[in-house]
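The structure under discussion is supplied below as structure tokens; questions concerning it will follow.
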2 protein chains.
Amino acid sequence: MDEASFLAGYNPRDYPAVAVTVDVVALTIRDGKLCVLLVERGQSPFAGHRALPGGFVRDEALDEAALRELAEETGLTPGDGNQLDRVHLEQLKTYGDPDRDPRMRVVSVAYLAFAPHLPEPTAGSDAAGAYWVPVDEAKDLAFDHDQVLAEGLERARDKLEYTPLATAFVGTEFTISELRQVYTTVWGEELHAGNFHRKVLSVPGFVESTGETSARGGERGGPKARLYRAGDARLLHPALLRPTREDRVR
Amino acid sequence: MDEASFLAGYNPRDYPAVAVTVDVVALTIRDGKLCVLLVERGQSPFAGHRALPGGFVRDEALDEAALRELAEETGLTPGDGNQLDRVHLEQLKTYGDPDRDPRMRVVSVAYLAFAPHLPEPTAGSDAAGAYWVPVDEAKDLAFDHDQVLAEGLERARDKLEYTPLATAFVGTEFTISELRQVYTTVWGEELHAGNFHRKVLSVPGFVESTGETSARGGERGGPKARLYRAGDARLLHPALLRPTREDRVR
DNA sequence: TCAATACTTCTCAGATTGAGTAAGACTCGA
DNA sequence: TCGAGTCTTACTCAATCTGAGAAGTATTGA
């Protein structure tokens with residue numbers, strides 16, 4: 001289509017019908033593992049495969065559609081004072097290869113969601129077919145969802161470096177250790193506890209002290225730890241860089 | 001829509017028709033200024049306003065649609081050995097507010113393009129209505145394109161820090177000074193020439209020497225400079241951080 | 001009570017950064 | 001042709017940041 005016909009106005013009936021959906025890569029940490037929310041597909045295509053939760057966009061903004069899908073699959077109601085209100089949602093990427101869905105042209109806007117510990121979706125609800133799966137067991141997903149998940153994980157790992165995203169995985173009050181465990185879980189690498197501590201406290205606006213102390217020490221011993229909450233920084237400066245970056249440079 | 005009806009199959013006729021377009025934020029440096037490619041709108045809505053180049057997605061991948069739109073508006077043919085082959089294209093974000101186009105629901109996938117010096121689109125071609133505009137003069141654009149441009153610029157400024165993106169704005173062979181001018185132009189900040197030099201050469205894979213020297217010195221004096229080409233790094237480590245980040249942290 | 005754990009702080013050497021300086025190559029205009 | 005000004009490149013140095021190790025102490029489970 002040239003510029004003239006573009007300006008002449010839209011006539012979508014001249015083009016094949018396109019469906020627009022949202023898919024959500026919802027990540028949380030359960031039992032020390034990074035997990036993603038998946039749904040079981042009952043019907044063809046990809047019957048028996050698992051897929052990212054998602055669905056058609058209605059008369060709503062794309063962000064709203066993503067939050068709605070997440071709410072439906074987790075069984076939680078947004079704005080209800082539950083953990084869903086603390087979920088961090090951001091757009092990941094849009095996937096629109098002509099043959100990514102065998103039935104028709106589907107353009108899917110993928111979202112990335114970071115959540116603190118959410119309850120297991122309850123059976124009997126709309127969310128009956130959804131459950132949390134450790135990311136390293138989430139393979140063979142329907143459509144191009146393997147790729148979507150992979151790109152979502154890469155984005156999450158990167159954002160941990162230069163944004164306070166890690167605080168979205170813990171409760172409103174947390175210890176430096178809990179925060180460090182988010183990093184080690186998502187990155188799959190151990191971090192030097194002392195240096196991490198120094199670094200987190202030295203980045204302006206990353207965390208602020210509550211003045212309180214945790215109720216008890218670690219599971220296997222150790223002293224009580226001071227509690228912090230997320231600060232007002234939107235970017236970490238200086239950033240918390242991953243130790244072994246050289247591998248990922250080229 | 002609940003999970004059951006989602007799995008039951010798509011029936012897009014149950015939903016309002018949605019059009020999918022691509023819009024391109026094409027950036028280049030001309031006369032020491034960061035410029036964006038805009039087209040003039042002749043028709044309502046937003047007649048007389050300028051807009052980002054874009055159009056409907058056909059039976060093609062989204063990336064292909066973006067490259068095609070860019071080719072049509074610049075008057076260049078992809079794969080033709082011209083500068084278009086060196087353009088770096090990446091997806092920016094998808095915009096889909098229900099009322100962003102007054103005529104119907106339009107979901108637009110925005111792309112960011114970084115180009116070395118491209119020719120001015122020639123009059124008489126399809127690209128007659130397109131021209132390069134310094135980004136600080138690109139205001140009052142049609143639809144939500146002010147916002148799209150703003151987010152594209154922010155992305156470009158960020159990516160200069162941790163990717164070798166700057167090399168996409170210069171020729172295949174360039175001097176360290178030319179590279180530094182890309183940074184100062186995009187960031188709008190002066191950089192210490194000596195430190196920049198040291199830093200660029202110390203980042204593995206950022207640039208590699210050609211062994212050659214520029215044909216002449218700077219416009220107003222100075223010695224000839226060594227020539228480099230882009231290296232094989234995809235990420236800069238350590239990154240080239242902007243000097244005044246504190247302002248942007250919260 | 002003991003051994004193990006782990007929060008927090010400290011130390012120290014090495015690397016990196018920002019700011020300044022300097023030698024020499026080059027351009028332009030007088 | 002010469003001199004002033006410009007620019008590339010390299011070097012210096014103090015301040016800061018980093019990674020690695022270790023110390024001191026509080027707390028846990030056995």
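Any value given below was found using the heavy atoms of this structure, including those in side chains, with hydrogens, waters and symmetry copies removed. Letters A, B, ... mirror the listed sequences (proteins, then strands); counts begin at 1. Treat the numbers as computed from the prediction; the structure is a model and nothing was measured.
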For atom CG of L191(A) and atom C1' of dG21(D), their distance in whole Å: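 For the pair L191(A) CG and dG21(D) C1', the rounded distance is 16 Å.
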Shortest non-hydrogen contact from L84(B) toward A71(B):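 L84(B) and A71(B) have their closest heavy atoms at CD2-CB, 3.7 Å.
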H237(A) to V203(A) - nearest heavy-atom pair and separation: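 So the minimum-distance heavy-atom pair works out to N-CG1, 3.7 Å.
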Which residue, G221(A) or N195(A), contacts DNA chain C at a nucleotide closer to its 5' end, judged by nearest heavy atom?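 Whichever sits nearer the 5' end wins; that is G221(A).
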Please report the distance, rounded to the nearest Å, between CZ in F174(B) and P in dC7(D).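 Rounded to whole Å, this separation is 20 Å.
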Check the angle between the aromatic planes of F114(B) and H88(B) and answer parallel, tilted or perpendicular using the 30° and 60° thresholds.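 Answer is tilted, since the angle falls between 30° and 60°.
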Roughly, in whole Å, what's the span from NE2 in H192(B) to C1' in dC7(D)?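 Checked: the NE2 to C1' distance equals 13 Å.
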Which residues pass the ring-ring contact (aromatic ring centres under 6.0 Å, His included) test with H192(B), not counting sequence neighbours?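 Partners of H192(B) by the ring-ring contact (aromatic ring centres under 6.0 Å, His included) criterion come out as none, since no residue qualifies.
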Hey, are the side chains of L240(B) and F206(B) touching, using non-hydrogen atoms and a 4.5 Å cut-off?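 L240(B) vs F206(B): side chains touch.
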Which comes earlier along DNA chain D counting from the 5' end, the contact point of G217(A) or that of I176(B), where each point is its nearest nucleotide?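 The answer here is I176(B).
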Within the 4.0 Å heavy-atom criterion, would you say R216(A) contacts the bases, only the backbone, or no part of the nucleic acid?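 Sugar-phosphate: the residue R216(A), judged by heavy atoms under 4.0 Å, touches backbone atoms but no base.
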Separation of dG29(D) P from E219(A) CD (nearest whole Å):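 Between P of dG29(D) and CD of E219(A): 9 Å.
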Can you measure K199(A) atom NZ to dC17(D) atom P for me and round it to whole angstrom units?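 In whole Å, dC17(D) P lies 9 Å from K199(A) NZ.
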Is the shortest heavy-atom distance from the side chain of L201(B) to the side chain of I176(B) under 4.5 Å?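 The answer is yes; the side chains approach within 4.5 Å.
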About how many Å separate OH of Y162(A) and CG of L241(B), when rounded to the nearest 0.5 Å?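 Between L241(B) CG and Y162(A) OH, I get 12.5 Å after rounding to 0.5 Å.
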Sugar-phosphate, base or nothing in reach of R198(A), heavy atoms under 4.0 Å: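 Here R198(A) touches the bases of the nucleic acid.
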Whole angstroms only, please: what is the NE2-C1' distance between H197(A) and dA23(D)?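 The distance from NE2 of H197(A) to C1' of dA23(D) comes to 15 Å, rounded to the nearest Å.
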Residue met sooner reading DNA chain C from 5', once R220(A) and A193(A) are mapped to nucleotides: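 The 5'-side residue here is R220(A).
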With heavy atoms of chain A within less than 4.0 Å as the criterion, where does contact along DNA chain C begin and end?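 Nucleotide range with atoms under 4.0 Å of chain A: dT5(C) to dT11(C).
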